[in-house]
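Written out below as structure tokens is the structure these notes cover.
Computed from a predicted model, the values in this text were never measured in an experiment. Keep in mind that the numbers below use all heavy atoms, side chains included, and drop hydrogens, waters and symmetry copies. Numbered from 1 within each chain, the chains take letters A, B, ... in sequence-line order.
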Number of protein chains: 2
Amino acid sequence: MKPKIEDVAKVAGVSPTTVSRVLNNRGYIGEKTREKVHKAMEQLNYYPNEVARSLFIKKTFLIGLIFPTTSNPFYGQLIFHLENLASELGYKVLLCNSQGREDKERSYLRMLQRNQVDGIIAGAHNKGIEEYEDPNLPVVGIDRYLSTKIPVVSSDNYQGGEKATQLLIEKGCRSIVHINGPISLETPANMRRKAYEDVMERNGLTPLTYEYEANDSVFSLLFEENPEVDGIFASDDLIAARVMQEARNRGIDIPTKLKIVGYDGTETTRLLLPELTTIEQPVREIAVKALEILMKQINKEEDYESATILPVKLIESDTTRK
Amino acid sequence: MKPKIEDVAKVAGVSPTTVSRVLNNRGYIGEKTREKVHKAMEQLNYYPNEVARSLFIKKTFLIGLIFPTTSNPFYGQLIFHLENLASELGYKVLLCNSQGREDKERSYLRMLQRNQVDGIIAGAHNKGIEEYEDPNLPVVGIDRYLSTKIPVVSSDNYQGGEKATQLLIEKGCRSIVHINGPISLETPANMRRKAYEDVMERNGLTPLTYEYEANDSVFSLLFEENPEVDGIFASDDLIAARVMQEARNRGIDIPTKLKIVGYDGTETTRLLLPELTTIEQPVREIAVKALEILMKQINKEEDYESATILPVKLIESDTTRK
DNA sequence: AACAATATGTCATCCGGTTGACATATGAAA
DNA sequence: TTTCATATGTCAACCGGATGACATATTGTT
């Protein structure tokens, strides 16, 4: 059986209260007693039961993370930073892959509440989960408006859309198509599209957006319906990669005939596909900010921003450069 | 304050024991009482406190995952599947990014024990963590011998090394170099190198291995020291991508002058770098098997394999095909 | 009418650790 | 010698829920 405080006390020849005092550094403790206790703990290989402790102090030092999937390099990297930073602050991380499914997100949310997490950071992209309206515990959204009361952290999606579109125009593209993932109206990521449309119109060009909904035929369709396309702004790097594939299959040379700009610029993309021009999101900064705001909520500080927008960076490479 | 069983009982006009009976479906409960209780729970937005429950039943339904980083697409995907499968079994996942650091892995291990996880799946790659010798709780290693008592699940690294090397030889390569990450002798992944060396020698060729230790100069060095190199077997896809970059910079055409085989074949790699020939690891199957063995340990079944080796698949693409 | 099955309540105990109240002992400073 | 800070012990209550023992109704069955 796992040793408990009582067992440690018996071995050290002191009272349970004294052991607890040593563990929590409370009250007066003599040097020799402290040593005796530590020796006993080592001898028994004792470690405190956090579950019991959590129950009493009403705090678990647990944070729930809800994201679509760690498989995606952007989320993988974001989650990496979040876990890392949380761990430095003494918090542990419960991981939830919602897979873009509303029912999953709902049940994860319930699960996290039952497990008394101290806070939640959510970047899943499901619409209308009313549970967020009164979660009854600190929540921060990433790139996602969860409810009016929940603070959001995101990168400057509008700026990113502008930079991407402007670059393509500067490089001489005239028939520029935008392709994005499933549209959810409440998402700041939609600002990418808005910016694209604004910039296009400002330049007297007609915006045209395709939507990628797990149906691979859009890639082919895009080229069939727009043989004159000379620029594509993809809403993420994985989609950009698919576009590059399709162009290659059709013998369209990049960048002479077609220029492409992606979005995200994760480490993985930049290692595997360094030739892709992309808009880099400040992943680490997003994580830092989200956690900072969550901690403020947890510590009942009131002075946190309800929306934080971080700047993005254009990384130019071969797909837009001769 | 969060409602507790007592509050629900008061609202429903029944006793706390009856509420507990409803929650756990024990003993006799009348239909109308069950409804009253459910109504009261809904009204109060009650959800049981898992911390309290865990303390009593001595089971948390928590599993700890220790891996180097979710940033890496291979681990990201593996973790995705592990979390998914665990969640289907009613288990939750505590995520730990050890970052290849021994001290981090040690403290994560302690943390998981203090938090009373029901089991651990570890795929971190640090040597000599003696804590695994007697972890006092179920553990499964992935691609990693943790101790004599801990079961391992891995893909067939030797077979992978063979397939990769044989392919290069079949395609006419004669000067084949292998490049791998930091070598840890206890790792099954080292079998990739062993297989490479065996196949080379069996074919009268001289094996030569470079080690990549976060020092980017190896890529350049490799080509400087071996101008005649016509085949490279990289121990993972990210390294293969770097090699491709270096070759491109040097104007070496792939695949006519140089053929490359990578390793892992994750979804991300295959989307971003579909032209890379690679050895695909059965990520999902590894996750399934690891969890299956962990569950057997948790349920005190004794009939689990101490080592499981799953077959890999060669995926040929442009880097070895004209 | 008697008995069993069903339905619900009360009460106490336990899970492992924390904490406050209070008692007691020791040594050093005043 | 008195007094106080230091050091440790005992005891009980608490965190929220689970559970076993036992009592008491209310049904329905024979």
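- The cationic group of B/Lys104 does not satisfy the cation-pi geometry with B/Tyr108, failing either the under 6.0 Å distance to the six-membered ring centre or the 45° limit from the ring axis.
- The residue B/Val14 sits close only to the backbone: its heavy atoms come under 4.0 Å of sugar-phosphate atoms, none of a base.
- As a whole-Å value, the separation of A/Arg34 CZ from D/dT6 P is 14 Å.
- In this structure, the nucleotide among D/dC15, C/dT8, C/dC15 sitting nearest to the side chain of B/Lys32 is C/dT8.
- Atom CD of B/Glu42 sits in a sparse spot, with 12 or fewer heavy atoms from other residues, nucleotides or ligands closer than 6.0 Å.
- Between B/Phe56 and B/Val19, the residue anchored nearer the 5' end of DNA chain C, judged by the nucleotide with its closest heavy atom, is B/Val19.
- Taking side-chain N and O atoms only, A/Arg26 has no distance below 4.0 Å to OP1 or OP2 of C/dT18.
- Remark on DNA chain D: of its neighbouring residues B/Val51 and A/Thr17, the 5'-side contact belongs to A/Thr17, judged by nearest-heavy-atom nucleotide.
- Here C/dC15 presents its P atom at 18 Å from CG of B/Asn49, a figure rounded to the nearest Å.
- Counting to the nearest Å, the C1' atom of D/dG17 and the NZ atom of B/Lys10 are 15 Å from each other.
- Counting to the nearest Å, the C1' atom of D/dG16 and the CZ atom of B/Arg53 are 12 Å from each other.
- When the C1' atom of C/dC14 is taken as reference, atom NZ of A/Lys4 falls 9 Å away, rounded to whole Å.
- B/Thr69 places a side-chain N or O within 3.5 Å of a backbone atom of B/Ser71 that can act as its donor or acceptor partner.
- Between the C1' atom of D/dG9 and the CD1 atom of A/Ile5 lies a distance of 15 Å, rounded to the nearest Å.
- Across the protein-nucleic acid pair, B/Glu6 atom CD and D/dA18 atom P stand 14 Å apart, rounded to whole Å.
- Contact between the side-chain N/O atoms of B/Tyr46 and the OP1/OP2 oxygens of D/dG16 is not found at any separation under 4.0 Å.
- Taking only side-chain nitrogens and oxygens, A/Lys58 never comes nearer than 4.0 Å to OP1 or OP2 of D/dC14.
- Two residues, B/Ile29 and B/Ile57, neighbour DNA chain C, and the one matched to the more 5' nucleotide by heavy-atom proximity is B/Ile29.
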A/Lys92 vs B/Met111, side chain to side chain contact (heavy atoms under 4.5 Å, CB included): CA-CA, chis, key distance, verdict: CA-CA 9 Å; A/Lys92 299 147 285 184; B/Met111 180 277 273; 3.5 Å; yes

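- Note on B/Tyr28: every side-chain N or O is 4.0 Å or more away from OP1 and OP2 of C/dG9.
- Put simply, CD on B/Gln116 is 9 Å from P on C/dG16, counting in whole angstrom units.
- A cation-pi arrangement, defined by a distance under 6.0 Å to the six-membered ring centre and an angle within 45 degrees of its axis, is present between A/Lys59 and A/Phe61.
- When heavy atoms are screened at a 4.0 angstrom cut-off, B/Arg21 is found touching base atoms of the nucleic acid.
- Side chain of A/Thr60 to main chain of A/Ser54: no donor-acceptor pair is present (N/O by atom type, distance under 3.5 Å, no hydrogens or angles).
- Backbone-only contact: A/Pro48 has heavy atoms under 4.0 Å from sugar-phosphate atoms and none from a base.
- Residue B/Thr33 has no polar side-chain atom (N or O) positioned under 4.0 Å from OP1 or OP2 of C/dA7.
- In the set C/dA7, D/dG16, C/dG17, the nucleotide with an atom closest to the side chain of A/Leu55 is D/dG16.
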